[in-house]
Each structure stands twice: as structure tokens, then as C-alpha cells.
J.: 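Can you read through this structure? Questions will come right after.
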Amino acid sequence: MKKILLFAATTGYQVRVFADAARAMNLDLVLATDHCHHLDNPWGDDAVAVRFNDASIGMEALAARGPFDGIAAVGDGPAVIAAQAAARLGLRFSPPDAVLAANNKFLAHERFRRAGLNVASYRMLPPDAGPEAESHATRYPCVLKPVSLSASRGVIRADGPRQFVAALERIQKLLKREPEQSIQVEDFIPGRELALEGLVTDGRLQTLALFDKPDPLDGPFFEETIYLTPSREPDAVQTSIIDATGRAVNALGLAFGPVHAEIRVNSRGVWMLEVAARPIGGLCGQVLRFDGDVSLEEIILRHAMGEDVSRVKRMPGAHGVMMIPIPRAGVFTGVEGVDAARRVPGIEDVVITAKEGQMLLPLPEGASYAGFIFARGDSADSADRALRAAHAQLHFQLSTSLPVVR
């Protein structure tokens with residue numbers, strides 16, 4: 001039986017999807033997670049305990065569980081430690097410095113700029129900078145971004161000095177518990193935002209899907225909701241996006257594994273936002289099905305083992321997913337309308353990932369969604385309509401009081 005090593009921040013729902021795919025493929029999936037290394041198998045998942053900020057912890061235990069036929073990662077931090085482990089274990093993955101650059105907005109922009117790609121003007125804020133002084137040294141509109149957070153967490157647009165100071169203070173408060181506290185300021189790029197899901201083999205990009213994001217992402221926060229594929233952009237624009245993403249992959253030095261890229265397009269061309277050395281997050285990957293009803297996770301695992309997946313094609317029709325936004329901060333106590341949402345024509349499933357008693361926070365402080373809605377249709381327009389109709393059926397109950405522990 002072939003053995004795959006999977007790095008993940010937790011053993012949450014995205015990991016379970018990979019585990020299901022591995023079982024269907026008759027693979028032995030070994031998890032490496034950041035749970036406590038002083039406790040023996042605390043989550044009952046037989047995972048190897050590692051530390052994302054210290055590559056030395058857990059490496060001997062990992063080597064003892066091998067040899068491995070491939071390595072994969074779920075999430076940005078896990079991708080960094082996976083790259084380091086792959087280098088030690090002799091497995092195919094992108095180089096550690098390339099993954100580190102992909103995981104840092106400033107380093108990524110530096111490499112994109114040197115490669116001649118369109119990127120917004122950007123600068124790092126000095127750690128001891130005065131908010132008022134920096135606000136008057138900034139061009140507006142701008143976007144403030146923590147350099148190492150993902151999924152739009154902590155990303156805030158400011159249209160003037162007063163908004164800049166408020167945004168900076170809000171982000172600094174958010175970063176107090178983060179190991180990396182650097183903040184980048186960029187010019188705001190108007191335009192349409194898209195995402196590209198792909199695989200990289202020996203530095204060559206293979207596009208698996210190009211997603212439209214039909215809802216405007218103009219701020220002040222940048223909460224993603226709907227992804228639709230195939231894209232409705234003209235063929236020439238799609239070709240330009242794929243070409244720019246391939247150049248960005250090479251600029252970062254990514255060599256092997258899944259990538260998820262974020263792009264903006266306007267009258268001035270294609271603008272690279274980021275290329276992450278990991279697959280699309282959450283349960284969003286379930287929206288993609290390939291010939292033979294094969295999942296994205298299976299494609300990634302086969303690719304990790306060195307199999308040729310260059311000819312895989314997405315199944316016909318349009319595919320859409322909505323990341324259900326959190327309407328407001330509060331303790332999740334329930335949701336109504338799930339069955340009605342599932343009955344909407346074109347809806348494949350509605351998955352609520354929020355747990356009763358869980359504190360939910362919207363962006364920019366939040367780091368999760370309330371769940372996911374999946375749709376398929378004859379066209380992207382029909383899938384879009386189905387997602388919005390299903391979402392309209394859902395009514396979340398959020399309490400401002402913390403639950404009583406008995």
C-alpha cells in the first residue's frame with residue numbers, strides 16, 4: 001500500500017475530505033498536524049505532532065513513519081513545513097524558500113515585480129511607525145494587509161487618512177497574537193477578481209479551473225462569497241490570466257504541487273495578487289469534479305505520488321460554490337432553512353460547518369465561514385442564481401451571550 005504524508009493545521013473538515021479520498025484510493029494517509037507534541041494521540045487520529053515555527057520538532061517521528069510515496073499540505077503554514085520536510089525526506093515538493101515567499105505578501109510582490117508582472121505599488125510599514133505620519137505618506141485609496149495572514153483576514157481598504165489610522169489600529173490589535181506582525185500597504189486595484197486552481201509539475205503550470213468571483217470586492221473588507229467556473233471572461237483575457245499566473249509561479253520558484261492564485265483584471269491588464277502553494281481552502285475543492293467523477297483531492301494525491309494527471313478535464317457544465325458569510329459576530333445557536341435551500345433547483349448540497357456554541361466572527365477579524373453551498377448547472381449564470389436563491393433560504397441564529405458551561 002502506498003503511503004502519503006499530509007500536513008495540516010488541524011484535523012478539520014478539509015483534512016477529512018483528503019482522508020476519504022485516500023481511503024477510496026487504498027492509500028495509507030499519515031497526518032502531520034500542529035497538535036500538542038507532549039500528549040500521545042490527543043485527537044485519536046494517530047497524527048504526528050509537528051510545529052510550524054520549528055521544523056526540527058517531529059521530523060524524527062515523521063521519518064520513522066515512512067518511507068512515503070508523496071507529500072501534500074492543506075493551508076499556508078502547513079505548506080511551509082511540508083516543503084522543509086520534503087527537502088529532508090527526499091520527496092517532490094516546491095523548495096522551502098519558494099513556499100516561504102508565496103506565504104509572505106511582501107516577498108511575493110518583490111518577486112512578481114522583478115519578473116515584470118503587474119503588481120500594485122506597495123511598501124512595508126515600519127514597526128515603530130506613527131499612524132498619523134504614515135497616513136499622510138500614503139496614496140489613496142489603499143489597502144492594508146498583514147503580510148502572512150490568508151483568506152482576506154485583516155485586509156482593510158482605506159480611502160483617506162482617518163480610515164487609514166482606524167484600519168491600522170484594528171489590524172495591529174488583530175496581530176497581537178500572531179507571530180508575524182508586519183503590515184503591507186498597497187494601492188487599491190479596481191477591477192474584477194478571479195481565482196485560478198492549478199497544479200505545478202517541474203515548474204510548469206497546469207490550470208484545473210479558472211473561477212469568477214461575481215460579487216464586487218471593493219472593500220472596506222474583502223469577504224469572498226461565490227466562485228463560479230468556467231469563467232465568463234473572454235478567451236483572450238483567460239489566456240492572459242493563465243500566462244501571468246504561470247510567470248508568477250516561476251517568479252516565486254514553485255516547482256511541484258497544487259497552487260491557488262488570486263488575480264484582478266481591469267483595462268490595464270492582469271494584476272497578480274498572490275499565488276499560494278496549496279489547494280483552495282475549506283470545502284471549496286468539492287465543487288470541482290473531473291472526468292469519471294474524480295475529486296480535486298484525488299487529483300492532488302495522485303499528482304503527489306508522481307502520477308501523470310496532465311490530461312484530466314473538468315466535468316461538463318458549470319460549477320459553483322458559495323462560502324456562506326457570517327452575518328454578524330455572535331455565538332452560533334442554529335440555522336433554519338437548510339432543507340429548503342437544498343431543494344432549490346441546481347443545488348447539489350448545503351453544508352453547515354459552524355458548530356453549536358461556536359463563536360463566529362465576520363471579516364476582517366474572522367477566519368472561517370458558516371458553511372458552503374454547492375451548485376451545478378448548464379451555465380455559470382444558472383449556477384449563480386441557484387446559489388443566491390439557496391442562500392436566501394438560510395437564517396442563522398447568533399447569540400451575543402456566551403453559552404453556559406454546565
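Numbers here simply count residues along the sequence, with the first being 1. Only a predicted model underlies this, so the values are computations on that prediction, with no experimental measurement involved.
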J.: My understanding is that only one of Arg177, Arg153, Arg170 makes a salt bridge (Lys or Arg N to Asp or Glu O under 4.0 Å) with Glu365; could you say which?
T.: Arg170
J.: Would you please classify the geometry between the Tyr140 ring and the Phe164 ring as parallel, tilted or perpendicular, with 30° and 60° separating the classes?
T.: perpendicular
J.: Looking at Arg232, is its backbone amide N or carbonyl O close enough to the side chain of Asp212 to form a donor-acceptor pair, meaning the two atoms are under 3.5 Å apart?
T.: yes
J.: Would you indicate whether Glu180, at its atom CD, is surrounded by more than 12 heavy atoms from other residues, nucleotides or ligands within a distance under 6.0 Å?
T.: yes
J.: Taking CZ in Arg123 as the centre, count heavy atoms belonging to other residues, nucleotides or ligands within less than 6.0 Å. Is the count above 12?
T.: yes
J.: For Asp293, is the CG atom crowded, meaning more than 12 foreign heavy atoms sit under 6.0 Å from it?
T.: yes
J.: Taking the six-membered ring for Trp and the single ring otherwise, decide whether the centroids of Phe256 and His303 are under 6.0 Å apart.
T.: yes
J.: With salt bridge (Lys or Arg N to Asp or Glu O under 4.0 Å) as the test, would you mind laying out the steps for Arg302 and Glu298 before giving the verdict?
T.: CA-CA 6 Å; Arg302 292 193 181 280; Glu298 180 174 338; 2.9 Å; yes
J.: Pick one: which of Arg157, Lys105, Lys145 meets salt bridge (Lys or Arg N to Asp or Glu O under 4.0 Å) with Glu186?
T.: Lys145
J.: Crowded around Asp378 CG? As in, over 12 foreign heavy atoms under 6.0 Å?
T.: no
J.: Are more than 12 heavy atoms from other residues, nucleotides or ligands located less than 6.0 Å from atom CZ of Arg114?
T.: yes
J.: Determine whether more than 12 heavy atoms belonging to other residues, nucleotides or ligands lie under 6.0 Å from atom CZ of Arg162.
T.: no
J.: Distance-only, no hydrogens or angles: does the Lys3 side chain make a donor-acceptor pair with backbone N or O of Arg65 under 3.5 Å?
T.: yes
J.: For the pair Arg342 (side chain) and Ala390 (backbone), establish whether a donor and an acceptor sit closer than 3.5 Å, ignoring hydrogens and angles.
T.: no
J.: Without hydrogens or angle criteria, can the side chains of Asp381 and Ser379 be said to hold a donor-acceptor pair below 3.5 Å?
T.: no
J.: Just to verify, what does Asp20 make a side-chain contact (heavy atoms from CB on, under 4.5 Å) with, not counting sequence neighbours?
T.: Arg23
J.: Just do the side-chain contact (heavy atoms from CB on, under 4.5 Å) check on Met323 and Phe372 with the steps written out, would you?
T.: CA-CA 5 Å; Met323 293 158 272; Phe372 302 85; 3.7 Å; yes
J.: Report yes or no: does Gln397 contribute a side-chain atom to a donor-acceptor pair with the main-chain N or O of His395 at less than 3.5 Å?
T.: yes
J.: Among side-chain atoms of Glu110 and Tyr122, is any donor-acceptor pair under 3.5 angstrom?
T.: yes
J.: In Å, rounded to the nearest 0.5 Å, how long is the span from CD of Gln172 to CG of Leu144?
T.: 9.5 Å
J.: Okay, side chain of Asn250, backbone of Gly203: is any donor-acceptor separation there less than 3.5 Å?
T.: yes
